[in-house]
Amino acid sequence: MTTFHQVKIGVLSETQQGERRVALVPDVAVKLVKIGFQVIVETGAGVGAEFTDDAYRKAGVAIEADRRVVLGTADVVLSVQPPRLEDVAQLQAGALTISFLQPATQVVIIGALAARGVTSFSLDLLPRSSRAQSMDALSSQSSLAGYKAVLMAANRLGKFFPMLMTAAGTIPPARVLVLGAGVAGLQAIATARRLGAVVEAYDVRSAVQEEVKSLGARFLELKLEIQEGEGGYAREQSEDFLNRQREGLAEHVAANDVVITTASIPGRRAPLLITASMLKGMRRGSVIVDLAAESGGNCAATLPGRVVEVDGVWVDGTTNIPSTMALHASQLYARNVTNLLQFLFSNGELKLDFADEIIRDCCVTHAGQITSERARQMMGVSAAQGAIRSEVR
Ligand code: NAD
């Protein structure tokens, strides 16, 4: 039996360019230490998020300069981005990893994790159920992105967001349109409202109408069929639907100063909501922040990781926005991961009950196999291939 007292948690320093987050922060590490886990953190892992090695030491954590020691001795390895291929080779067979594994793009890494006999959990596959809510790192990070997107737009817009009555006359409030009212979109609406903008929003799922209205925004009625999918997500829309949607949206896109786009379909290319001709209809100085930049973009002019100007309209395709708020992003991520760990190690013993939807959906590799059906679908791997190590190497 594995108990807390025998379990060593290792925390990696993130290596992906621009990634400032860390998977565990000192005030969350202290709780894990208190319940009996041993924690080891790679030197400097928290620096990008403003957590010094000393802060970890004070939390009862050991600091280790050699990444290979963290990888090779930890029973549980935590990171935000997936471990690298050379990292996987250092892991103990039977070790457990938790990260955003991103199965659609990390086919080779996942194959290597399976081949090494590592049990890997991917937080981006967590079911969107109330039981899993406290572990939902996708939501916590989306919330940060929605908030920051509005600040980025406000920063670039040459206008006030709130209405102002000044001695020099009245300034009307900025107008903000939010496309996609999921976790990020709702946080964007709330933030734009707090800054005093007039906000309207649209989503293909009618379930969000009341939430949009309760935040003080107007829900756009486009007279289109509802596109409700499974598990609270939208389903992929046809090109005909998207054409009619774009027609309905064009005048609203043109009328707003800021458009925040957040529309996405898990595992698919993001739907195109703003075409080049719609962009031409916008006033000079308007700003689009495209939170779907990484998955193809909601705007035709979006370039991932760049801000471009098209006929006077700014299109911001900044990627990994949560990393720009690394302190809170890491704190929330660490809490999500810790809640998952406490769920996995209930009563001090690691339990993997594959009948439980959290384990079934979120566990990508175990005992040499790619166990998650959703991961296999995203990777384009069949169940038989997922079960045979050599074929996925
Ligand atoms: P997401 O990031 O996959 O998508 C963002 C939004 O884009 C969604 O609201 C989707 O409906 C919308 N969208 C897709 N295509 C569109 C289009 N063509 N036009 C306009 N909008 C479009 O989703 P998400 O924000 O991660 O989550 C979606 C929903 O999942 C939440 O709003 C909630 O209902 C549910 N959820 C539940 C839990 C939970 O119960 N624990 C946690 C998180 C989310």
Side-chain angles (χ1 to χ4, degrees), residues 100 102 104 123-147 149 177-190 200-215 217 219-250 252-253 259-275 278 288-300 319 321-322 332 335-336 339-340 343 357-358 361-362 374 378:
F100 281 128
Q102 304 153 52
L123 288 165
D124 33 9
L125 297 183
L126 205 71
R128 314 308 285 269
S129 62
S130 41
R131 271 176 74 232
Q133 221 159 4
S134 66
M135 314 164 198
D136 190 349
L138 263 191
S139 286
S140 66
Q141 305 302 300
S142 293
S143 199
L144 288 147
Y147 166 84
L177 171 63
V178 177
L179 297 177
V183 180
L186 290 172
Q187 190 56 247
I189 295 169
E200 47 188 16
Y202 174 73
D203 195 294
V204 288
R205 294 178 303 117
S206 65
V208 297
Q209 283 204 30
E210 286 315 310
E211 285 174 275
V212 167
K213 287 180 190 162
S214 72
L215 291 170
F219 189 84
L220 294 181
E221 308 270 1
L222 290 189
K223 298 200 172 37
L224 293 166
E225 315 82 81
I226 289 154
Q227 304 285 310
E228 203 89 52
E230 275 174 29
Y233 289 110
R235 69 161 175 263
E236 196 173 16
Q237 301 107 37
S238 67
E239 203 41 43
D240 167 59
F241 176 92
L242 287 171
N243 272 330
R244 285 182 288 127
Q245 183 184 1
R246 290 187 285 255
E247 264 169 39
L249 283 177
H252 298 280
V253 169
V259 185
I260 310 283
T261 63
T262 77
S264 78
I265 313 287
R268 299 265 184 277
R269 192 201 181 284
L272 179 65
L273 307 184
I274 304 178
T275 59
M278 287 163 83
I288 295 174
V289 179
D290 190 347
L291 290 186
E294 254 157 299
S295 54
N298 291 144
C299 172
T319 50
I321 292 176
L332 292 171
R335 288 182 196 165
N336 294 141
N339 290 330
L340 176 59
F343 166 73
E357 65 159 2
I358 296 179
D361 289 4
C362 193
R374 262 190 74 206
M378 290 169 146

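Order of listing sets the numbers, starting from 1, for every ligand and every atom in it. Starting from 1, each residue takes its place in the sequence as its number.
Residue contacts with ligand 1: Val183 is placed with a nitrogen or oxygen under 3.5 Å of a nitrogen or oxygen of the ligand (distance criterion only). Close N/O approach between Ser129 and ligand 1 is found [any backbone or side-chain N/O within under 3.5 Å].
For ligand 1 and Ser139, the ligand atoms under 4.0 Å from any heavy atom of the residue are 42 (C), 43 (C). Below 4.0 Å from some heavy atom of Gly182 lie the following atoms of ligand 1, by number and element: 6 (C), 9 (O), 25 (O), 32 (O). Of all atoms in ligand 1, numbered sequentially from 1 with element shown, those under 4.0 Å from a heavy atom of Ile265 are 14 (C), 15 (N). If you number the atoms of ligand 1 from 1 as listed, the ones under 4.0 Å from a heavy atom of Asp136 come out as 42 (C), 43 (C). Set against the non-hydrogen atoms of Gln245, the atoms of ligand 1 under 4.0 Å away are 17 (C), 18 (N), 19 (N), 20 (C).
Distances shorter than 4.0 angstrom occur between a heavy atom of Ser264 and an atom of ligand 1. Heavy-atom distances between Pro271 and ligand 1 reach below 4.0 Å in at least one pair. For the ligand labelled ligand 1, residue Val204 lies inside the 4.0 Å heavy-atom shell.
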Can you list the steps and then say if Thr319 with Glu294 is a side-chain hydrogen bond (donor to acceptor under 3.5 Å, both in side chains)? CA-CA 6 Å; Thr319 50; Glu294 254 157 299; 4.8 Å; no

Working for side chain to side chain contact (heavy atoms under 4.5 Å, CB included), residues Leu272 and Asn298: CA-CA 4 Å; Leu272 179 65; Asn298 291 144; over 6 Å; no

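Between the side chain of Asp124 and the main chain of Phe100, no donor-acceptor pair closer than 3.5 Å is present.
Taking the charged nitrogens against the carboxylate oxygens, Arg269 and Glu236 have no contact shorter than 4.0 Å, which rules out a salt bridge. Looking at Arg374 and Asp361, no side-chain N of the basic residue comes within less than 4.0 Å of a carboxylate O on the acidic one, giving no salt bridge. Look at Arg244 and Glu225 and you find a salt bridge, because one of the NZ, NE, NH1 or NH2 atoms lies within 4.0 Å of a carboxylate O, short of that distance.
Residue Ile321 comes nearest to Ala145 through the heavy atom pair CG2-CA, 4.0 Å, listed as atom of the first residue, atom of the second, then distance.
Comparing Arg205, Gln237, Arg128 by heavy-atom distance to atom 36 (N) of ligand 1, the nearest is Arg128. When Leu186, Asn298, Asp203, Leu179 are checked for heavy-atom proximity to atom 8 (C) of ligand 1, Asp203 turns out nearest.
Defined by atom type and a distance below 3.5 Å, a donor-acceptor pair is missing between the side-chain atoms of Ser134 and Arg335.
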